[in-house]
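Please read all numbers here as calculations on a predicted model, not as lab measurements. Each chain gets a letter, A, B and so on, in the order the sequences are listed, and its residues count up from 1.
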2 protein chains.
Amino acid sequence: MSSGDISSETVIGLTAVIVAVTDETPRVLVARRIHHDLATPAQQGRSAAPQDRPDTLPYGPFDAQRHRTLELGLRGWVEEQTGIRPRYVEQLYTFGNQYRDPREFEGGPRVVSIAYLALTHETPLAGTGEARWRDWYDCLPWEDWRGGRPAIVDKIVRPALQNWIRAAPDRPAREERRERVSVAFGFDKSAPVDYVRCLERYELLYEAGLVLEALRDRLAIERAQGRKPSAIDSKASAAAQATGAPMALDNRRILASALGRLRGKLAYRPVIFDLLPEEFTLLRMQRVVEALSGRRLHKQNFRRMVLNADLVESTGHRDTTSPGRPAELFRFRREVVTERAAVGVGLPALSAAE
Amino acid sequence: MSSGDISSETVIGLTAVIVAVTDETPRVLVARRIHHDLATPAQQGRSAAPQDRPDTLPYGPFDAQRHRTLELGLRGWVEEQTGIRPRYVEQLYTFGNQYRDPREFEGGPRVVSIAYLALTHETPLAGTGEARWRDWYDCLPWEDWRGGRPAIVDKIVRPALQNWIRAAPDRPAREERRERVSVAFGFDKSAPVDYVRCLERYELLYEAGLVLEALRDRLAIERAQGRKPSAIDSKASAAAQATGAPMALDNRRILASALGRLRGKLAYRPVIFDLLPEEFTLLRMQRVVEALSGRRLHKQNFRRMVLNADLVESTGHRDTTSPGRPAELFRFRREVVTERAAVGVGLPALSAAE
DNA sequence: ATATATATGTTCATAATGAGCATAACAATA
DNA sequence: TATTGTTATGCTCATTATGAACATATATAT
């Protein structure tokens with residue numbers, strides 16, 4: 001626990017993306033307080049008001065003394081800090097880029113963070129009260145296509161990325177940028193967006209300077225190297241203001257990575273059921289899938305798919321809370337996992353329907 | 001670099017699973033030499049002959065001073081040690097279980113290892129000569145179903161796992177074991193094996209004591225705790241001798257994890273092409289997919305799928321080396337990645353054909 | 001020429017998918 | 001009580017994808 005001024009030191013941390021879905025909004029647990037007084041230099045300078053500070057993901061150091069495995073370490077402090085015992089926990093990715101923690105600039109250690117995805121119900125929060133549930137799409141607004149192609153994509157992201165393509169130093173670089181944009185967002189061609197490539201999209205926006213974190217980091221690096229701050233494209237800067245809520249460190253990248261992983265997993269593992277209550281209607285289930293995948297689904301086909309796959313069985317109960325014909329309540333049929341190889345909700349390849 | 005006797009110390013390492021496919025065998029790069037004189041206590045005691053020492057995966061410590069990112073760190077020492085510049089590199093998983101490095105028993109630090117998957121051609125090896133290519137299925141023989149259900153599954157794995165199920169302490173535990181076995185290997189039901197669940201299968205064998213590493217670790221822990229070595233089921237022990245080549249540390253677990261990841265990726269990202277030469281016949285491509293997925297595929301359907309998906313284009317050349325009608329040579333159409341969302345070889349759901 | 005081995009092309013039945021139309025069961029209201 | 005709005009549920013149809021078999025083409029070796 002000694003604070004090192006030898007910058008060769010390397011520290012391992014655990015970061016949690018804790019997910020729940022209420023009605024139609026996917027939520028992640030965030031803390032307003034910068035954990036361990038972690039703040040960007042700019043923020044320390046300005047001593048920003050609490051409401052200006054970007055959110056962080058729940059974070060805890062990994063204590064090799066106390067925990068036999070990484071996952072147990074994560075579960076440990078998550079429960080201590082938030083009272084949550086996630087139903088599902090999965091390791092996401094290990095982030096170790098230089099300067100992902102700005103304290104490195106002042107000789108702080110390199111912090112390598114192992115990110116985990118955790119699924120739960122939305123629960124009343126124990127603990128300090130600094131934690132709260134936040135709409136996932138607040139931070140990644142370009143990922144929500146449920147109402148059709150989001151306005152932000154056409155009005156902000158697309159023109160800004162085209163500027164960025166044009167601004168490439170030479171032709172090969174331009175071509176490479178064009179291809180990456182095309183793959184991630186599917187603009188040019190008739191190809192649909194691949195809703196699973198969330199991380200690629202975020203990284204593109206970051207490189208193009210279209211998220212505030214990119215400007216923040218560029219500035220910090222230049223300052224630390226004693227260089228003059230480079231000019232910032234005013235158009236890009238304005239765009240960066242509009243691309244959703246920034247987060248501390250690389251936490252938004254982690255969020256994007258988690259969303260992509262979860263979207264991918266939906267299709268072949270029965271993870272939705274870890275986000276649903278014991279009994280649920282098929283529409284409720286559909287809404288949760290839609291919330292996470294960010295797309296609308298065809299109601300009858302969704303129904304057919306779920307029933308034909310024997311994913312659920314009727315409980316005999318009905319939901320009478322909504323107007324109209326009461327819906328049947330179902331429960332997850334756990335047996336399916338032993339019956340078939342891939343168990344998931346099988347999202348359609350592209351289209352948006354309803 | 002100071003060797004710590006404070007066991008709270010934690011060290012980050014990078015482990016590489018470097019894959020190539022020659023003809024019909026998938027290969028991974030292994031080193032016979034135990035890296036950094038790393039050996040299990042048992043091995044140190046017996047001072048095993050070199051050919052008795054289990055292989056290890058290429059490993060290097062992560063030096064935060066020298067490398068901006070984890071991936072660059074990995075690429076760095078991989079090229080230094082082996083001369084290989086992989087065409088594709090992807091982070092796999094971070095392994096941090098207690099005692100994954102047996103030196104912990106003697107006060108050594110907890111070693112958390114970030115594993116990477118790397119794809120390349122099989123290349124003549126530079127460096128010490130300690131490294132060599134090894135058939136992946138030497139270590140995971142139960143994963144190769146190309147010749148139908150492997151003998152080892154029926155003769156050894158299945159009966160041993162059924163013993164293990166019976167040996168559960170109580171009924172719920174027995175039920176849980178039964179379900180896990182069923183999901184991983186698909187014995188009971190008509191369900192096919194899910195060829196992607198390699199890690200689950202390995203972990204099952206490990207828990208059931210059916211791989212030598214499990215016996216090794218159990219012994220080491222008991223010895224370190226001063227307990228009397230527990231009796232080892234002689235049947236299980238015999239089985240463990242027959243379940244393929246053991247590896248040092250948890251390297252076989254990492255191998256299983258890599259195989260599963262790669263199998264999954266095949267279906268929706270064009271990773272095969274990083275294992276193929278510039279020009280190849282469709283049969284060659286099929287053989288590579290089969291080698292990795294561990295299953296035989298229907299030739300005509302594979303052909304149709306690849307061609308209809310516009311994954312490849314003819315080079316106009318032909319392969320005249322084999323008897324019979326010469327095969328057309330194709331190259332990868334890079335453009336497809338911008339044309340469609342999921343680009344891969346779309347393995348069929350189950351069956352084995354030819 | 002003939003046998004043999006491989007590559008390539010075609011067809012067919014079946015299953016999965018996307019989309020629309022039709023009906024059923026409730027509540028609120030006229 | 002009849003009407004209307006709202007949601008759930010069921011059915012059909014065209015299109016496409018998939019698994020499998022059969023048929024043909026082009027080479028080498030004898």
Worksheet item: So, is B:Arg325 close to the C:dT8 phosphate, meaning a side-chain N or O under 4.0 Å from OP1 or OP2?
Response: no

Item to complete: Starting at atom NE2 of B:His298, determine the distance to atom P of D:dC22, rounded to an integer number of angstrom.
Response: 11 Å

Worksheet entry | Rounded distance in Å - CG (A:Leu307) to P (D:dA8) | 13 Å

Practice prompt. Find the distance B:Gln286:CD to C:dA7:C1' and express it as a whole number of Å.
Written response: 12 Å

Response to the item:
Checking C:dA19, D:dA8, C:dT8 against the side chain of A:Lys299 (C-beta onward), the nearest is D:dA8

Fill in: Distance-only polar pair, side chains of A:Tyr202 and A:Glu200, donor-acceptor under 3.5 Å
no

Fill in: Whether A:Gln286 side chain and A:Leu297 backbone form a donor-acceptor pair below 3.5 Å
yes

Fill in: Atom-to-atom span, CZ of B:Phe302 to P of D:dA20 - whole angstrom
16 Å

Worksheet item: Within the structure, does a side-chain N or O atom of A:Arg304 lie under 4.0 Å from either OP1 or OP2 of C:dA19?
Response: no

Item to complete: Send over the distance from A:Glu328 CD to C:dA25 C1', rounded to a whole Å.
Response: 13 Å

Worksheet, complete the sentence: Comparing nearest nucleotides in DNA chain C, the 5'-proximal residue of the pair B:Pro323, A:Met305 is B:Pro323

Worksheet item: Start at the 5' end of DNA chain D and walk down; is the nucleotide closest to A:Asn301 or to A:Pro326 reached first?
Response: A:Pro326

Response to the item:
Picking from C:dG9, D:dG10, C:dG20, the nucleotide nearest the side-chain atoms of B:Arg303 would be C:dG9

Item to complete: Provide, to the nearest angstrom, the distance between the CZ atom belonging to A:Arg296 and the C1' atom belonging to C:dG18.
Response: 17 Å

Worksheet item: When the nearest nucleotide of DNA chain D is assigned to A:Leu282 and to A:Gly324 on a heavy-atom basis, which residue is associated with the more 5' position?
Response: A:Gly324

Item to complete: Report the distance from atom CG of B:Leu283 to atom C1' of C:dT8, rounded to the nearest whole Å.
Response: 12 Å

Item to complete: Specify the separation, in whole Å, of atom CG of A:Asp319 and atom P of D:dT6.
Response: 18 Å

Worksheet entry | Cation-aromatic face contact B:Arg158/B:Phe187, 6.0 Å, 45 degrees | yes

Worksheet item: Is the closest side-chain donor-acceptor distance between B:Glu328 and B:Ser314 under 3.5 Å?
Response: yes

Worksheet item: Checking B:Arg263 side chain against B:Leu292 main chain: does a donor-acceptor pair fall under 3.5 Å?
Response: yes

Worksheet entry | Touch class at under 4.0 angstrom, heavy-atom based, for A:Gln300 against every strand present | base

